Amino acid sequence: MFKNLFKRNKKDDKNNEVKLEKQDELDEELKDDIKVDESKHKTGFFEKLKQGLDKTRKEMTDKIDGILNSYSKIDDELFEGLEEILVTADVGIKTTMEIIDKLKERVREENIKDPEEIKYLLKDEIKRIMTQSGGENELKIDPSPAVILVVGVNGVGKTTTIGKLAYNLKMQGRKIIIAAGDTFRAAAIEQLEEWGKKAGVDIVAHSEGADPAAVIFDGIQASKARKGDVLICDTAGRLHNKKNLMNELNKIFRVVEREYPEAQKEVLLVLDATTGQNAISQAKVFNEVCDITGIALTKLDGTAKGGVVIALQSELNLPVKLVGVGENIEDLQPFNVDDFVEAIFG
Ligand SMILES: Nc1nc2c(ncn2[C@@H]2O[C@H](COP(=O)(O)OP(=O)(O)O)[C@@H](O)[C@H]2O)c(=O)[nH]1
Ligand SMILES: [Mg+2]
């Protein structure tokens, strides 16, 4: 079922192609069945994202529709109204200004008179601003082996995201090992062990208070010995002091570089969408401390602050790679700009 969520590596794609070619004997009827299943799955997936973004859509698109309907001509007041809606939806001042300036420019250049047309321009501009950095929204885990270091402050959803991700990747047939690098509290290790059981993947853990870098070291050895495809590492999220955080993370990075140079590396920053602009501040701090390669944005369900995705992608040039849309094991999705913009603007 989860085969198509994350892109497989080229080699596997080739294998699949070869397998498909050999399926010539497979009668047409069966092929049609497969197609139907895939499209059903894609729809369910998109619906879930749409549902998750319900509140954001109300906060943003419904209000935008309201304002566009109430104006008969395009003027400064209309732009101010739009600006306010975007800022309230946590798109961020800088990104909002960039979008509005571009809208004004296009309205002038394209001689647009009807407020209704602004909606399409806006959708277009949001897509453009989110893709202009050219950042890849796909997890960089192929070819294997790969290491995903999961960082972020306490409570944002690191452990939950690791559990869901491990499950997703395992369902694609990858060998996954989790390293319990948050050794600060015993409960954190137990929580991860629970997720490991649910996802059906191996976990490497030490006891509370152990050196996180030593846990990651063992995780790497286990991953090599068991021919793991992806090693996913939890880390402690204590942000009480930037220097401490930097020291702890740097020690882990050094171990990974030294012990697993052949592995692809992802440093995934987990952010809680419900915290809005605070998530942006966290991203700035972590980006100074280490090279973040992607964002996992959690709790997109039930928040009206989904606009934060736009700011992360455009202002900070950090590609959002995964989004959490619920607490269950299946509630994690790969992020894709087109789907996101469609889910918000419909
Ligand atoms: N609604 C919702 N809750 C989430 C999501 N991701 C995580 N959570 C919840 O956020 C809380 C903190 O998660 P946890 O993984 O322990 O955070 P950590 O401290 O960063 O490891 C838990 O109650 C999770 O169930 C999500 O995508 N949606
Ligand atoms: Mg945790």
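One-based numbering, in listed order, for ligands and for the atoms of each. Worth saying up front: this structure is predicted, and the values here are computed from it rather than measured.
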* Check if N154 has a non-hydrogen atom at a distance under 4.0 Å from any atom of ligand 1. => yes
* Quick check: does T159 put an N/O/S atom under 2.8 Å from the Mg ion (ligand 2)? -> yes
* To do: For the pair R128 and E125, find out whether any cationic side-chain nitrogen is under 4.0 Å from an anionic carboxylate oxygen.
  => yes
* Structure fact -> From the list D211, I216, V256, side chain to side chain contact (heavy atoms under 4.5 Å, CB included) with K251 holds only for D211
* Asked: Which of the atoms in ligand 1, numbered in the order shown and given with their element, are less than 4.0 Å from a heavy-atom of V325?
  -> 27 (O)
* Asked: Does the side chain of K299 reach to within under 4.5 Å of the side chain of V325, using non-hydrogen atoms?
  -> no
* Asked: Would you call D229 and R174 a salt bridge, using N to O less than 4.0 angstrom?
  -> no
* Structure fact -> Closest heavy-atom approach to atom 17 (O) of ligand 1 among A273, G157, A188, G52 is made by G157
* To do: Check whether any N or O atom of L300, backbone or side chain, sits under 3.5 Å from an N or O atom of ligand 1, and answer yes or no.
  => no
* Would G302 count as a contact of ligand 1 if the rule is a heavy atom under 4.0 Å away? -> no
* What atoms of ligand 1 come within less than 4.0 Å of a heavy atom belonging to G324? -> 27 (O)
* Asked: Considering only heavy atoms of V153, which atoms of ligand 1 have at least one such atom less than 4.0 Å away?
  -> 20 (O)
* Asked: Is the side chain of Q264 donor-acceptor paired with the backbone N or O of D142 at a distance under 3.5 Å, no angle test?
  -> yes
* What about T160: any of its N or O atoms under 3.5 Å from an N or O on ligand 1? -> yes
* Structure fact -> Heavy-atom proximity to atom 12 (C) of ligand 1 ranks first, among G155, G326, G152, for G155
* Flag, side chain of D75 to backbone of L78, donor-acceptor distance under 3.5 Å -> yes
* For ligand 1, note which part of Q333 has a heavy atom under 4.0 Å away: side chain, backbone, both or neither. => neither
* Asked: To the nearest 0.1 Å, how far is atom 28 (N) of ligand 1 from its closest protein heavy atom, and which atom is that?
  -> D301 OD1, 2.9 Å
* Compare R185, E327, K164, K158 and give the one whose heavy atom is closest to atom 20 (O) of ligand 1. => K158
* To do: Heavy-atom contacts with Q191 under 4.0 Å: which atoms of ligand 1 show up? List them by number with element.
  => 14 (P), 15 (O), 16 (O)
* Going by an N to O cut-off under 4.0 Å, is there a salt bridge joining K158 and D182? -> no
* To do: Please determine if E105 and R108 form a salt bridge, counting it only when a charged side-chain N lies under 4.0 Å from a carboxylate O.
  => no
* Asked: Is it true that K140 and E136 make a salt bridge, defined as a side-chain N closer than 4.0 Å to a carboxylate O?
  -> no
* Asked: Within a strict 4.5 Å, meaning less than it, do heavy atoms of the K175 and K227 side chains meet?
  -> no
* Do ligand 1 and K299 have nitrogen or oxygen atoms that lie under 3.5 Å from each other? -> yes
